[in-house]
Protein chains: 2
Amino acid sequence: MAPLFHPSRDDITLAGVLSALADPLRLRIVKSLMEQKDCMSCTAAAPCPDIPKSTLSNHFRILREAGLIQTTKKGVEHRNAVREADLNARFPKLLKTILASAE
Amino acid sequence: MAPLFHPSRDDITLAGVLSALADPLRLRIVKSLMEQKDCMSCTAAAPCPDIPKSTLSNHFRILREAGLIQTTKKGVEHRNAVREADLNARFPKLLKTILASAE
DNA sequence: TCAATAGTTCACTAGTTCTGAACCATTGAA
DNA sequence: TTCAATGGTTCAGAACTAGTGAACTATTGA
């Protein structure tokens, strides 16, 4: 199995970030992850329990490849965290402003 | 010919705005429109001259239906302007922050 | 060794985007 | 009034993308 791909800080693009957050479900996932201080598994961060596994997996892949989250394998589950430092370095205040708009 | 559709302020959604701005070409269009104080025609606001007309028209429609721009017919051309007041009222600082990230 | 859990990958369907061709509306000139 | 030019829109087909069930992999605990 190939290791999970994460872009480096400099490879994070604005278009990628906006496009990833343009989906309401993904936005809620990121919001959940921000509200928790520690990492969350994919299923724990899911907004509702009835989302198919494959769909959820797909959304997490998009968030990961856009550089929004960092995913590490921890036993049987994947722990996810928002790449806040990278995002703030690259696009200051962007994440905060977008999340604030999502009330 | 049907009049051009514009959503009311309250119908502007975050997902719609993000998704519209997630395209680099559309982001540049909005940027151009912000830098001009007066309205611009569609062709004038196009980032490069070799974009097919239908493609450009499509991008302007997406921006319009997302609530990002206001389009009015003025003779043979369409004058476009960013709906800054509506956007700031709905999502404070969002537009400014996104445009600032697009350097 | 077996079953349960947490995700991924594959393949298929449904929907979206890009673009050339054809079209419509407005204006200015003959 | 007729014609051509200008500025966009609409339509249709090709290429791409997203959502999801089924099958699969990896880890853990019994």
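Evaluation of the side-chain contact (heavy atoms from CB on, under 4.5 Å) rule for B:Ser19 yields A:Ala22 as partners, not counting sequence neighbours. Remark: A:Glu103 pairs with A:Lys31 by the side-chain hydrogen bond (donor to acceptor under 3.5 Å, both in side chains) rule, at least two apart or across chains. For B:Ala15, the side-chain contact (heavy atoms from CB on, under 4.5 Å) test picks out A:Pro24, B:Thr13, with sequence neighbours left out.
Rounded to a whole Å, the NZ atom of B:Lys74 is 14 Å from the P atom of D:dG8. With rounding to whole Å, B:Lys53 atom NZ is found 11 Å from C:dG20 atom C1'. Following rounding to the nearest Å, A:Arg64 (CZ) and C:dG7 (P) show an atom-to-atom distance of 11 Å.
Distances shown here put every side-chain N or O of B:His78 at or beyond 4.0 Å from the OP1 or OP2 atom of C:dA25.
Among pairs with a residue in residues 10-23 of chain A, none fulfils salt bridge (Lys or Arg N to Asp or Glu O under 4.0 Å), at least two apart in sequence or across chains.
Between A:Leu95 and A:Phe91, the closest side-chain pair of non-hydrogen atoms is not below 4.5 Å.
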Polar pairs (N or O, both sides) under 3.5 Å between protein and nucleotides 11-20 of chain D?
residue, atom, partner, partner atom, Å
D:dT20, OP2, A:Thr55, OG1, 3.0

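With DNA chain D read from its 5' end, the first of the two nearest nucleotides for B:Arg79 and A:Gly75 is the one closest to B:Arg79. Both A:Val76 and A:Ser57 lie close to DNA chain C; mapped to their nearest nucleotides by heavy-atom distance, the more 5′-ward contact belongs to A:Val76.
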**Asked** side-chain contact (heavy atoms from CB on, under 4.5 Å) between B:Arg79 and B:Thr71: does it pass, once the steps are laid out?
**Response** CA-CA 6 Å; B:Arg79 315 296 299 280; B:Thr71 306; over 6 Å; no
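An angle of 10°, rounded to 10°, separates the two end axes of the helix from C:dT1-D:dA30 to C:dA30-D:dT1, each defined over five pairs.
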